[in-house]
Number of protein chains: 2
Amino acid sequence: MTDRLGGGVRRKRPTMRDVAREAGVALRTVSRVVNSDPTVGAHLVSRVQAAISALDYAPDERAQQLRRGTSGTIGAAVRNLADAHPVLSAVDMASRSHGLAVLAMSTEDDEAREREAVMSMCGRRVDGIVIEPIGTSHDYLSAELAGGLPLVAVDRPCGGVEADAVLSDNAAGIGMAYRQLSVHGHRRIAYIGDDERIFTGRERAAAFRACVAASGGPLSGMVHPGVVTSSRVASALASVLSGPSPATALITGNVATTIEALRYLGADAGRLALVGFDDFTLADILRPALTVVAQNSAEIGRTAIDLLTARAADPGRPVQTVTIPVELIARGSGELPPPV
Amino acid sequence: MTDRLGGGVRRKRPTMRDVAREAGVALRTVSRVVNSDPTVGAHLVSRVQAAISALDYAPDERAQQLRRGTSGTIGAAVRNLADAHPVLSAVDMASRSHGLAVLAMSTEDDEAREREAVMSMCGRRVDGIVIEPIGTSHDYLSAELAGGLPLVAVDRPCGGVEADAVLSDNAAGIGMAYRQLSVHGHRRIAYIGDDERIFTGRERAAAFRACVAASGGPLSGMVHPGVVTSSRVASALASVLSGPSPATALITGNVATTIEALRYLGADAGRLALVGFDDFTLADILRPALTVVAQNSAEIGRTAIDLLTARAADPGRPVQTVTIPVELIARGSGELPPPV
DNA sequence: CTGAAAGCGCTAACAC
DNA sequence: GTGTTAGCGCTTTCAG
């Protein structure tokens, strides 16, 4: 049901022509004043400005863009607009400092929606796109990329096309989490995280396996990548905590998993050492407060805009993947000792 | 530093003309095909479509909009893009079902930024604006409103201009919270919330005072509206909990206050009955789990879009304020008994 | 320093 | 059914 707005009568907006007529000058002069061209006589400037405010004139950016050939806008296709989204916020800020507006659209974690959103951005001729990729194949963008559209992926790389990317140092993060737990005496450490079909799920699970291998700890039954649902996390956790030699510590691979794990553990949360990948607002008021590997979202967003502007300035530059360091924030849950 | 993108050479995009030439038809025919006008011969349709995909043509929406006179976009000016924003999400969804795109911009809780964002939306000739007002005066919009711009405020009303609004039932929510605590035996109930200069802060504090008055409870020293900072909430809480007859229960007026209160209480959180205004993602995994008055953000967003479309269809309709019911979600913290 | 004319990419009246 | 012609609101050569 596409019922574009505008059924009712809406007083016509004043156009530049109207202003010109009102001020008794040529169209071109109004344009100059609007764009603060210094080569206009002070006298005319004030007359035009008077006309502008008398008519409440505001230039139509679409027409400006059309004529100028640039939109002054970058698109941000993110997983959703509802959850905390520090990267989007950082992108927004960084863009503003470049004089660019941000057109944010959500992909709802859906491949088709992502494509739709991105295509709509292209239709609006955005000057660049920041994408948090969902789909595994992004070759629907290859034409745009070949045409020089600056595109940068955040959090995960795009699939099937060459594009700049800004990623967190997943391996280092898992390493920090593992080391923290080891240092506090844990030998039997488990991991529950995203499906390995997802880039970050794959990277983090692999890093975890590498840590276990390097430390000579037990691996069997300790790694549980998979879809993040309440029931899947619950059963993984149940399996990890049962048997003759249960895990004494857990690493969760993303916020959703962390939360599901906490939900499952309930009042027993204080009896299992826990380090979560990715920080979230209330992690510090949980009891025990949650130790996390925090991604530097602000830096990710800033870097994304840097890459975007760099590519816009030089479309031929080599494609680049930037890895942003993560940080361990010890708050208590990761420093719990193993039971004696 | 306004350095609009586009420094580098970017291959010119194909235009409708190019498609027409490629397909050997007139411009108008391509336009018809693009807009799926049924009056085009099947033969030509396929020829045009072949040309379109051969050239990777995508219509320029700005030009379409300019010509059509409508943008197919609504603006959403919200406090920020970082925090959870279910209203924005709902606006997004509801808009999509009307075939409208959403241009989301953050106001960063700043009056000047709000104005900037809204003006930029007007410059883009959005078909309507959903705003979470920050400033107290919105008469910079009066010209747009007079011109028929559909505008709807969410969460709080606009100041100084007549505009539709969608608000939560603050008074009822405070009433629910108060009643829940009363029912569980509390007589000395305190309130800490937003500054009364803020609309919701004012409404909720007033409702609280009315509840106390109606129930004949003690009022003096129990109401603490003010700016929500860590220190202000801490000192309010300290004052409320000290003295000969301290409060045994607390109502917090917004999420930020709730969280600061929990931070201050720390391990003692289980000893003070607490009901927070507004739900948040992790309220259920706290211990005790948090009893809240939940606003129906999804309904707020949907209603906002309904009002927007209604006004677009009939600019002369009377201005309307819709109040959305809230709901008490009992999770434990609000059902704690007073100490004996 | 200012103004007339062309045209950005597209759609909407009209002819054919 | 299809092509021609205007023009949306603006910027921008290029003359005055």
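The chains referred to below are lettered A, B, ... by the order of the sequence lines, with proteins before strands, and numbering in each begins at 1.
Rounded to whole Å, atom P of D:dT12 lies 11 Å from atom CE of A:Met16. In this structure, CG of B:Asn35 is placed 7 Å from P of C:dA12, rounded to the nearest angstrom. For the pair A:Asp60 CG and C:dG9 P, the interatomic distance rounds to 17 Å; values are reported in whole Å. Look at CZ on B:Arg21: it is 16 Å from C1' on D:dG3, rounded to the nearest Å. Atoms CZ (A:Arg47) and P (C:dC1) sit 16 Å apart, rounded to a whole Å. Whole-Å rounding puts the B:Leu44 CG to D:dG3 C1' distance at 11 Å. Summarising the geometry, the separation between CZ on B:Arg124 and P on D:dC10 is reported as 15 Å, rounded to the nearest angstrom. Taking atom CZ of residue B:Arg32 and atom C1' of nucleotide C:dA13, one finds them 11 Å apart after rounding to whole Å.
Legend: residues meeting salt bridge (charged side-chain N to carboxylate O under 4.0 Å, His left out) with A:Arg47, ordered by chain and number and at least two apart, are absent. Every residue meeting the side chain to side chain contact (heavy atoms under 4.5 Å, CB included) condition with A:Val45, not counting sequence neighbours, appears here in chain and number order: A:Val33, A:Val40, A:Gln49. Considering only residues two or more places apart in sequence or on other chains, A:Ser46 meets the side-chain hydrogen bond (donor to acceptor under 3.5 Å, both in side chains) condition with none of them.
Annotation: the terminal axes of the helix from C:dC1-D:dG16 to C:dC16-D:dG1 meet at 40°, where each axis is the rotation carrying the C1' atoms of four end pairs onto the next four (5 pairs per end, rounded to 10°).
Among residue pairs with one or both ends in residues 114-123 of chain B, those qualifying as salt bridge (charged side-chain N to carboxylate O under 4.0 Å, His left out) are B:Arg113-B:Glu116; sequence neighbours excluded.
Counted by atom type alone, A:Thr73 and A:Asp127 present zero donor-acceptor pairs between their side chains at under 3.5 Å. Side chains of A:Asp92 and B:Ser106: a donor-acceptor N/O pair is present below 3.5 angstrom, by distance only.
Using a 4.0 Å heavy-atom criterion, one finds that A:Val40 contacts the sugar-phosphate atoms exclusively. Using a 4.0 Å heavy-atom criterion, one finds that A:Thr29 contacts the sugar-phosphate atoms exclusively.
Note on A:Gln64: every side-chain N or O is 4.0 Å or more away from OP1 and OP2 of D:dC10. Contact annotation: A:Thr15 does not reach the phosphate of D:dG9 (side-chain N/O to OP1 or OP2, under 4.0 Å).
Few gaps surround CZ on B:Arg317; more than 12 heavy atoms of other groups in view lie less than 6.0 Å from it. The number of heavy atoms from other shown groups lying within 6.0 Å of CD (B:Glu162) does not exceed 12.
If you take CD on A:Glu61 and OG on A:Ser71, they are separated by 10.0 Å, rounding to the nearest 0.5 Å.
Projected onto DNA chain D by closest heavy-atom contact, B:Arg125 and B:Gly41 fall at different nucleotides, the more 5' of which corresponds to B:Gly41.
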Nucleotide N/O of nucleotides 5-8 of chain D paired with protein N/O under 3.5 Å:
{"unit_1": "D:dG7", "atom_1": "N2", "unit_2": "B:Arg67", "atom_2": "NE", "d": "3.4"}
{"unit_1": "D:dG7", "atom_1": "N2", "unit_2": "B:Arg67", "atom_2": "NH1", "d": "2.9"}
{"unit_1": "D:dG7", "atom_1": "N3", "unit_2": "B:Arg67", "atom_2": "NH1", "d": "3.3"}

